[in-house]
Colleague: 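Questions regarding the structure given below will be posed in turn.
For clarity, every value in this text was computed on a predicted model and none was experimentally measured. The figures here come from the full heavy-atom set of this structure, side chains too, leaving out hydrogens, waters and symmetry mates.
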Amino acid sequence: MGEYQVGVIEYFPHGVSIPSWLCRCPKKLLSFLSYPCPSQTAQMNRKLILIGVAVVVVLVIVIAVPCALLLGKEDDEPTATEKPKTVMQRAQQILDETPLVDGHNDIPWQLRKYYMNRLENVTLDKNNPKFHTDIPRLKQGGVGAQFWSAYVSCRNQFKNAVRLFAEQIDVIHRMVDKYPEDFVLVTAAKGIKDAHKNKKIASLIGVEGGHAMDSSLDTLRMLYDMGGRYMTLTHSCHTPWADSCTPPKPEHNGLTEFGKTVVKEMNRLGMFIDLSHVSHKSMHDVLDVTKAPGKYIIFIFSHSSAFALCNNTRNVPDDVLKRLPSNGAVVMVNFYNDYLTCSKEASLTDVADHIDHIKNVASIDNVGLGGDYDGVPRVPKGLEDVSKYPKLLEELLRRGYSEEDVSKVVGKNLITAMEKMEKVAFDQKDQKIQPFDDYIYVNKTCRPAYFGL
């Protein structure tokens, strides 16, 4: 009794404070509160202590518990004071995190057209209103990887096409070498990712037109060794082994047997089969090759749109789109007005409509971007040059696409397809699949005889 009174008097100078030893020893507190107090003063002190304890408990509940709950929240959970990100900010974050891969750009042809490939006169590091493309606008547009097109006109088929294609591949190499702070030559999916981390534009080579190989599998292999990572099976002319979509009359009814061998050899090498520019029957023939036992052909459309929205033969029909999910192919939507609306006028929303359609008929995993900048005379309003890509991303976000879906369209789908292509090629080399050595004789003008020499 006296001990408790001393404690109260000693630690309660005003008769109301909680003794410090009670805070340190809950058992003593309970004992003290239950001990009989004969004096009225002690009973009053006990009541004051009970009130003090109650106040402390209330403070713990009111202050400590909410603080603990707040500390337990995830670091990335927005607080009530944070503003939600704008569509522009969300689009920029996607470009920061995902390399934007465009399937087709024809600036190398412009270098030949205007400069005859003499790069000392070229200034891509400055804005050039003559072109859709230059380095400042590529950076402004968030372009992380670009397939540069090595293109030569069909007028050169059976003549000097192989030489001219080699020159166009060479000018791409030299263009990249001229701007090492901005470009880096890439031949694999990992290189795209590494370039993006290093804030450089991954530069890949696409060979636009099967007449580049002059019906020679040996030449096809050389195109791959020079860095070509896709070849468009035809351009606006038939090759001796595949039908183009441009001439109204087919020559082979799709692919010939040699054409199917070309597809298999590209698959063995690790080179995308590009089906832009080929006839619809040729598209189906390539898809049918993939059904052969043990075959898994990886192909893309480097710059094509949806036939259902514009019935131009350059576009992909729904019966082909429906077959894509099982093959992992990517349709990289073309920005040319004539392929978007079948007219000279188009806008950014028309491009988004084509992306919507391919997503809905095939899947979100089968669509990408293939602007065709500097290869076409007309581009949509709102996508006037390579700096405008973020506006397209913003439009997709407004349409309800998730960040992950937009990332797939921007570049993840193409990178995934490229990784699959590389694995298929690696597996075939691991199985020691030998190069195909089929040969066809093409009897055309200006063709020397290659046999009996």
Colleague: Could you check whether any side-chain heavy atom of S244 comes within less than 4.5 Å of a side-chain heavy atom of C237, counting everything from C-beta outward?
Modeller: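 The answer is no; the side chains never approach within 4.5 Å.
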Colleague: When you check the gap from the basic side-chain N to the acidic O, do E404 and K412 get nearer than 4.0 Å?
Modeller: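 Answer for the salt bridge query: yes.
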Colleague: Can you name the residues that form a side-chain contact (heavy atoms from CB on, under 4.5 Å) with N128, not counting sequence neighbours?
Modeller: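 So N128 forms a side-chain contact (heavy atoms from CB on, under 4.5 Å) with Y115, K130, F131, D134.
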Colleague: Using side-chain heavy atoms (C-beta onward) and a distance below 4.5 Å, is N198 in contact with V184?
Modeller: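 Sidechains of V184 and N198: no contact.
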Colleague: If we ignore angles and hydrogens, is there a donor and acceptor under 3.5 Å between the side chains of Q89 and Q93?
Modeller: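 Short answer, no.
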Colleague: Is the shortest side-chain N to carboxylate O distance from K193 to E419 below 4.0 Å?
Modeller: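 Result for this pair is yes, salt bridge flagged.
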Colleague: Sub-3.5 Å donor-acceptor pair from the side chain of D170 to the main-chain atoms of A166, do we have one?
Modeller: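 The answer is no, because no donor-acceptor pair under 3.5 Å joins these two groups.
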Colleague: Determine whether a donor-acceptor pair (N or O, by modelled atom type, separation under 3.5 Å) exists between the side chain of T234 and the backbone of H238.
Modeller: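 Judged by distance alone, no pair lies under 3.5 Å.
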Colleague: Please name the residue in the list M266, M222, M231 that meets the side chain to side chain contact (heavy atoms under 4.5 Å, CB included) test with M213.
Modeller: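 Option passing the side chain to side chain contact (heavy atoms under 4.5 Å, CB included) with M213: M231.
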Colleague: Could you check whether any side-chain N or O of Y373 sits under 3.5 Å from a backbone N or O of D385, counting only pairs where one atom can act as donor and the other as acceptor?
Modeller: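 Yes, the answer is positive, given that a donor and an acceptor are paired below the 3.5 Å cut-off.
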Colleague: How far apart are the C-alpha atoms of V333 and V367, what are their side-chain angles, what is the distance that settles it, and do they pass the side chain to side chain contact (heavy atoms under 4.5 Å, CB included) test?
Modeller: CA-CA 7 Å; V333 174; V367 60; 4.0 Å; yes
Colleague: Looking only at heavy atoms, what is the nearest atom pair of T239 and H211, with distance?
Modeller: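 That would be CG2-N, 3.9 Å.
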Colleague: What's the verdict on side chain to side chain contact (heavy atoms under 4.5 Å, CB included) for F183 and D177, showing C-alpha distance, side-chain angles and the deciding distance?
Modeller: CA-CA 8 Å; F183 294 145; D177 290 343; over 6 Å; no
Colleague: Does the side chain of M332 come within less than 4.5 Å of N413's, by heavy atoms?
Modeller: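 Contact flag for N413/M332 side chains = no.
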Colleague: Evaluate Q146 against V101 for side chain to side chain contact (heavy atoms under 4.5 Å, CB included), listing each step before the verdict.
Modeller: CA-CA 6 Å; Q146 180 67 67; V101 184; over 6 Å; no
Colleague: Going by heavy atoms in the side chains, are V278 and L255 under 4.5 Å from each other?
Modeller: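 No; the side chains remain at least 4.5 Å from each other.
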Colleague: Over all heavy atoms of both residues, which pair between V379 and E384 is shortest? Give the atoms and the distance, please.
Modeller: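 For V379 and E384, the tightest heavy-atom pair comes out as CG2-O, 3.7 Å.
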Colleague: Side-chain donor-acceptor pair under 3.5 Å between D243 and S279, yes or no?
Modeller: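 No pair is found: no donor N or O on one side chain lies under 3.5 Å from an acceptor on the other.
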Colleague: I'd like to know if the side chain of D427 reaches the main chain of V424, judged simply by a donor and an acceptor atom lying under 3.5 Å from each other, with no hydrogens or angles considered.
Modeller: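 Such a contact is absent between D427 side chain and V424 backbone.
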Colleague: If only side-chain N and O atoms count, and only distance matters, is there a donor-acceptor pair under 3.5 Å linking Q157 with D214?
Modeller: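 D214 vs Q157: no donor-acceptor pair found between side chains.
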Colleague: Is K200 positioned over the aromatic face of Y179, cation under 6.0 angstrom from the ring centre and no more than 45 degrees off axis?
Modeller: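 Not flagged: K200 not positioned over aromatic ring of Y179.
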Colleague: Strictly distance-based, threshold 3.5 Å: is any side-chain N or O of N315 a donor or acceptor partner for the main-chain N or O of S305?
Modeller: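 Here the side-chain-to-backbone pair exists.
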Colleague: Considering only NZ, NE, NH1 and NH2 on the basic side and carboxylate oxygens on the acidic side, decide whether R221 and D218 come within less than 4.0 Å.
Modeller: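 Salt bridge flag = yes for D218 with R221.
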Colleague: Check whether the side chains of S149 and D106 place a donor and an acceptor atom closer than 3.5 Å, and report yes or no.
Modeller: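 Short answer, yes.
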Colleague: Under 6.0 Å from the six-membered ring centre of F272 and within 45° of its axis: does the NZ or CZ of R229 meet both?
Modeller: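 No; the conditions do not both hold, so R229 does not lie above the ring face of F272.
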Colleague: Any side-chain to backbone donor/acceptor pair from K322 onto P317? Under 3.5 Å, distance only.
Modeller: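 Here the side-chain-to-backbone pair does not exist.
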Colleague: Going through the checks in order, is the ring pair (Phe, Tyr, Trp, His ring centres under 6.0 Å) test met by Y114 and W109?
Modeller: CA-CA 9 Å; Y114 287 98; W109 179 250; over 10 Å; no
Colleague: Can we say K260 and D285 salt-bridge, meaning some charged N sits less than 4.0 Å from an Asp/Glu carboxylate O?
Modeller: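 Not counted as a salt bridge, because no side-chain N and carboxylate O are separated by less than 4.0 Å.
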Colleague: Taking all non-hydrogen atoms of both residues, which atom of P390 and which atom of G141 are closest, and how far apart?
Modeller: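 Heavy atoms of P390 and G141 come nearest at CD-O, 3.6 Å.
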Colleague: Suppose we call two aromatic rings close when their centres sit under 6.0 Å apart. Are Y230 and F147 close by that rule?
Modeller: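 Yes - the distance between ring centres of Y230 and F147 falls below the 6.0 Å cut-off.
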Colleague: Using a 4.5 Å cut-off on heavy atoms from C-beta on, say whether the side chain of V409 contacts that of I364.
Modeller: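 Counting from C-beta outward, I364 and V409 do come under 4.5 Å.
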Colleague: Under 3.5 Å, is there a donor-acceptor pair between the side chain of T261 and the main chain of E257?
Modeller: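 Looks like yes, one N/O pair under 3.5 Å.
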Colleague: Is there a side-chain contact between N366 and V330 in this structure, where contact means two heavy atoms from C-beta onward sitting under 4.5 Å apart?
Modeller: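 No. Closest side-chain heavy atoms not under 4.5 Å.
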Colleague: Salt bridge between D194 and K190, side-chain N to carboxylate O under 4.0 Å?
Modeller: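 Yes, this pair counts.
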Colleague: Which word best sums up how the rings of H104 and H303 line up, parallel for under 30°, tilted for 30 to 60°, or perpendicular for over 60°?
Modeller: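 Rings of H104 and H303: parallel, under 30°.
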Colleague: Can you tell me how the ring of Y151 sits relative to the ring of H235, calling it parallel under 30°, perpendicular over 60° and tilted otherwise?
Modeller: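 Aromatic pair Y151/H235 classed tilted.
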Colleague: Could I get the full list of side-chain contact (heavy atoms from CB on, under 4.5 Å) partners for R163, not counting sequence neighbours?
Modeller: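 If we apply the side-chain contact (heavy atoms from CB on, under 4.5 Å) test to R163, skipping adjacent residues, the hits are E167.
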Colleague: Are the charged groups of K391 and E395 less than 4.0 angstrom apart, N to O?
Modeller: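 No.
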Colleague: Can a donor-acceptor pair be found, under 3.5 Å and without considering hydrogens, that links the side chain of E265 to the backbone of F436?
Modeller: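 Pair found, side chain donor or acceptor close to backbone of F436.
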Colleague: Would you mind reporting whether N337 and S343 have side-chain heavy atoms less than 4.5 Å apart?
Modeller: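 The answer is no; the side chains never approach within 4.5 Å.
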Colleague: Is it the case that atom CZ in R155 sees more than 12 heavy atoms from other parts of the structure closer than 6.0 Å?
Modeller: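 It does not: R155 CZ has 12 such atoms or fewer within range.
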Colleague: If we ignore angles and hydrogens, is there a donor and acceptor under 3.5 Å between the side chains of H354 and N334?
Modeller: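 Note: H354 and N334 side chains miss the donor-acceptor criterion.
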Colleague: Just wondering, do F307 and N312 contact through their side chains at under 4.5 Å, heavy atoms?
Modeller: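 N312 does not reach F307 side chain to side chain.
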Colleague: Taking 4.0 angstrom as the limit, do K139 and D182 come out as a salt bridge?
Modeller: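 Looking at K139 and D182, the cut-off is met.
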Colleague: Could you tell me if S276 and S304 have a donor-acceptor pair between their side chains, going purely by distance under 3.5 Å?
Modeller: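 S304 vs S276: donor-acceptor pair found between side chains.
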Colleague: Scan side-chain atoms only and decide if D374 and T133 contain a donor-acceptor pair under the 3.5 Å cut-off.
Modeller: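 A pair is found: one side chain offers a donor N or O, the other an acceptor, under 3.5 Å apart.
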Colleague: Using distance alone, with no hydrogens and no angle criterion, decide if E208 and H277 have a side-chain donor and acceptor under 3.5 Å apart.
Modeller: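 Note: E208 and H277 side chains meet the donor-acceptor criterion.
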Colleague: Salt bridge or not for D288 and R323, using N-O below 4.0 Å?
Modeller: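 Looking at D288 and R323, the cut-off is met.
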Colleague: Salt-bridge test for D353 and R399: reply yes if a basic N is under 4.0 Å from a carboxylate O, no otherwise.
Modeller: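 A salt bridge is present here (some side-chain N lies under 4.0 Å from a carboxylate O).
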Colleague: Is a side-chain donor or acceptor of T256 paired with a backbone partner of G259 at a separation under 3.5 angstrom?
Modeller: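 Yes.
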